[in-house]
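As the structure is a prediction and not an experimental result, all values here were calculated from the model.
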Amino acid sequence: MKQGMASKNDSSVKEFILLGLTQQPELQLPLFFLFLGIYVVSVVGNLGLIVLIVLNLHLHTPMYYFLFNLSFTDLCLSSVIIPKMLVSFVKQNIISHAECMTQFFFFVFFVINEVYILTAMAYDKYAAICKPLLYQVTMSYQVCHSMMVGVYVMGFVGSLVHTGNMLSLSFCNDNIINHYMCDVLPLLKLSCTHTAINELVVFIVAGINVTVPCLTVFICYTLILSSILGIRSAEGRSKAFSTCGSHVIAVSLFFGAAAFMYLKPSSVAGDEDKISSIFYSILGPMLNPFIYSLRNKDVHIALRKTLRKKMFT
């Protein structure tokens with residue numbers, strides 16, 4: 001029960017216990033190795049893609065500039081969440097209030113970054129397919145750089161607002177977070193102060209950072225689909241669909257899970273939110289390097305060139 005008289009700036013709780021993904025003892029060890037494997041694959045995949053893009057000049061294009069930033073964001077997002085999550089599988093996972101707020105800040109920062117990077121990639125697809133003759137001007141280095149600066153500014157402002165919102169809460173007695181990380185809904189549920197205003201702030205900020213990018217992506221792909229259907233060549237249509245397919249998969253996975261997680265009151269948050277958050281914060285960063293590279297000829301060529309150089313040096 002919320003205690004309205006609690007001081008907003010005087011939290012008696014100095015550390016939290018993260019319950020983790022499950023409390024079933026027989027699942028702890030298998031899940032530890034599963035998520036350790038996911039983390040290793042995520043680090044190798046994203047780091048590998050970053051190295052390939054840096055080393056190969058033919059990948060220095062707007063598309064791969066955004067993909068470089070997406071891989072960097074995914075690498076950081078995985079590292080913010082999974083190492084601390086693994087502790088929950090082997091022992092009681094205690095995190096201080098300061099560490100919790102720090103993890104929360106960087107988690108929100110990288111999640112919002114990913115939202116807007118995926119949106120920028122959708123716009124890049126739109127410019128390449130719908131305005132091919134103006135593409136070099138529309139997606140010049142200066143434009144791409146400005147877009148990425150905007151992405152990181154949005155991430156910083158959003159994480160600052162969310163973290164300030166969480167720091168205004170008091171935690172009096174209960175210090176058990178029913179999650180594997182410090183996330184907004186479990187923290188709101190745990191607080192002993194009235195959280196109506198805090199929930200409104202979360203809903204507004206999360207709503208803006210989900211609905212505006214979603215609407216932008218939807219408009220971009222509506223225009224892209226219209227242009228593709230206007231292509232007379234079956235081969236041309238197939239190539240255009242193939243170009244967009246990987247991005248549509250990544251966007252659907254991320255935005256679908258994020259919208260399900262955050263666009264609802266904290267009172268209805270439950271264990272299913274843990275599963276939902278896995279899709280966009282853990283599985284997404286692991287799958288993105290494969291989604292964007294498995295059927296990508298440019299990446300295959302870059303990989304062969306890089307391996308050939310390593311073999312002969």
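The hydrophobic cluster containing L55 does not contain I301, counting ILVMFWY residues as joined when their side-chain heavy atoms lie under 4.5 angstrom apart, directly or transitively. V157 is connected to V149 through a chain of hydrophobic side-chain contacts under 4.5 Å among Ile, Leu, Val, Met, Phe, Trp and Tyr, so both are in one cluster. Under a hydrophobic-cluster definition in which Ile, Leu, Val, Met, Phe, Trp and Tyr are linked whenever side-chain heavy atoms come within less than 4.5 Å, directly or via other members, I94 and L18 are assigned to different clusters. Cluster annotation: I17 is not connected to V87 through the hydrophobic network of ILVMFWY side chains, with a link wherever side-chain heavy atoms come within less than 4.5 Å.
Considering all non-hydrogen atoms of both residues, H179 and S277 come closest at CE1-OG, 3.5 Å. Smallest separation of non-hydrogen atoms from N56 and L52: ND2-O, 2.8 Å. Residues L169 and T193 share a closest heavy-atom pair of CD2-OG1, 3.7 Å. Closest heavy-atom contact between H162 and V202: CE1-CA, 3.9 Å.
Taking the side chain as every heavy atom from C-beta outward, K125 and M63 approach each other to under 4.5 Å. Side-chain contact check for I82 versus I282: some heavy-atom pair is nearer than 4.5 Å. Counting heavy atoms from C-beta outward, F66 and M148 have side chains that approach closer than 4.5 Å. Contact of the H97 side chain with the L167 side chain is registered, since non-hydrogen atoms from C-beta on lie closer than 4.5 Å. Using a 4.5 Å heavy-atom threshold, the side chains of V115 and V210 count as separate. No side-chain heavy atom of V217 sits less than 4.5 Å from a side-chain heavy atom of L118. When side chains are defined from C-beta on, I95 counts as touching K84, because their heavy atoms get closer than 4.5 Å. At least one side-chain heavy atom of I177 sits less than 4.5 Å from a side-chain heavy atom of L190.
Legend: residues meeting side chain to side chain donor-acceptor pair (under 3.5 Å) with S226, ordered by chain and number and at least two apart, are absent. Listed by chain and number, the residues in a ring-ring contact (aromatic ring centres under 6.0 Å, His included) with Y141 are H145 (sequence neighbours excluded). By the side-chain contact (heavy atoms from CB on, under 4.5 Å) test, A128 is found to be paired with Y135, residues two or more places apart in sequence or in another chain being considered. Take T222 and apply the side-chain contact (heavy atoms from CB on, under 4.5 Å) test, not counting sequence neighbours, and it matches F218. Residues passing the side chain to side chain donor-acceptor pair (under 3.5 Å) test with E15, sequence neighbours excluded: none. Residues satisfying the side-chain contact (heavy atoms from CB on, under 4.5 Å) test with F72, not counting sequence neighbours, are I50, C76, Y152. Remark: Q28 pairs with T22, F89 by the side-chain contact (heavy atoms from CB on, under 4.5 Å) rule, at least two apart or across chains. In this structure, S71 has no side chain to side chain donor-acceptor pair (under 3.5 Å) partners at least two apart in sequence or on a different chain. For T119, there are no side chain to side chain donor-acceptor pair (under 3.5 Å) partners at least two apart in sequence or on another chain.
For the residue pair N93 and Y180, no side-chain donor N or O sits within less than 3.5 Å of a side-chain acceptor on the partner. The closest side-chain donor-acceptor pair between N178 and K189, if any, does not fall under 3.5 angstrom.
The line from CD of E199 to CG of L188 is 5.5 Å long, rounded to the nearest 0.5 Å. The line from CZ of F35 to CE of M286 is 9.5 Å long, rounded to the nearest 0.5 Å. Rounded to the nearest 0.5 angstrom, Y126 OH and I224 CD1 are separated by 9.0 Å. To the nearest 0.5 Å, atom CE of residue M181 and atom CG of residue L187 are 10.0 Å apart. Residue L67 holds its CG atom at 5.0 Å from CE of M121, rounded to the nearest 0.5 Å. Taken to the nearest 0.5 Å, the OG1 atom of T73 stands 9.5 Å off from the CG atom of L75.
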- [ ] Evaluate the criterion side chain to side chain contact (heavy atoms under 4.5 Å, CB included) for residue pair I278 and L21; output intermediate values, then yes/no.
- [x] CA-CA 10 Å; I278 285 173; L21 190 60; 3.6 Å; yes
TODO: Give the intermediate values and the outcome of ring-ring contact (aromatic ring centres under 6.0 Å, His included) for residues F171 and F16.
DONE: CA-CA 10 Å; F171 304 94; F16 300 101; 5.1 Å; yes
Task: Verdict with supporting geometry, C144 and M139, side chain to side chain contact (heavy atoms under 4.5 Å, CB included) - done: CA-CA 6 Å; C144 293; M139 299 304 296; 3.8 Å; yes
TODO: Assess whether ring-ring contact (aromatic ring centres under 6.0 Å, His included) is satisfied between F68 and Y65, documenting all intermediate values.
DONE: CA-CA 5 Å; F68 171 90; Y65 175 67; 7.5 Å; no
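Applying the ring-ring contact (aromatic ring centres under 6.0 Å, His included) test to every pair with at least one member in residues 40-64, sequence neighbours left out, gives no pairs at all.
Side-chain atoms of T163 never come within 3.5 Å of backbone atoms of L160 as a donor-acceptor pair (strictly under, hydrogens ignored). Under a 3.5 Å cut-off, the side chain of Q23 and the backbone N or O of L19 do form a donor-acceptor pair. Side chain of N165 to backbone of V161: no donor-acceptor contact under 3.5 angstrom is found. A donor-acceptor distance shorter than 3.5 angstrom exists from the side chain of K274 to the backbone of G20, with no hydrogens or angles considered. T195 contributes no side-chain N or O that, together with a main-chain N or O of N198, makes up a donor-acceptor pair within less than 3.5 Å.
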Kindly list each side-chain donor-acceptor pair under 3.5 angstrom involving residues 38-49, sequence neighbours excluded, with atom names and distances?
unit_1: Y39; atom_1: OH; unit_2: S79; atom_2: OG; d: 3.0
unit_1: S42; atom_1: OG; unit_2: N46; atom_2: ND2; d: 3.4
unit_1: S42; atom_1: OG; unit_2: S78; atom_2: OG; d: 2.9
unit_1: N46; atom_1: ND2; unit_2: S42; atom_2: O; d: 2.9
unit_1: N46; atom_1: ND2; unit_2: P285; atom_2: O; d: 2.9

Side-chain donor-acceptor pairs of residues 100-113 under 3.5 Å, sequence neighbours excluded:
unit_1: T102; atom_1: OG1; unit_2: A98; atom_2: O; d: 2.8
unit_1: Q103; atom_1: OE1; unit_2: C182; atom_2: N; d: 2.9
unit_1: Q103; atom_1: NE2; unit_2: V80; atom_2: O; d: 3.2

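Residue F32 places its CZ atom among more than 12 non-hydrogen atoms of other residues, nucleotides or ligands, all under 6.0 Å distant.
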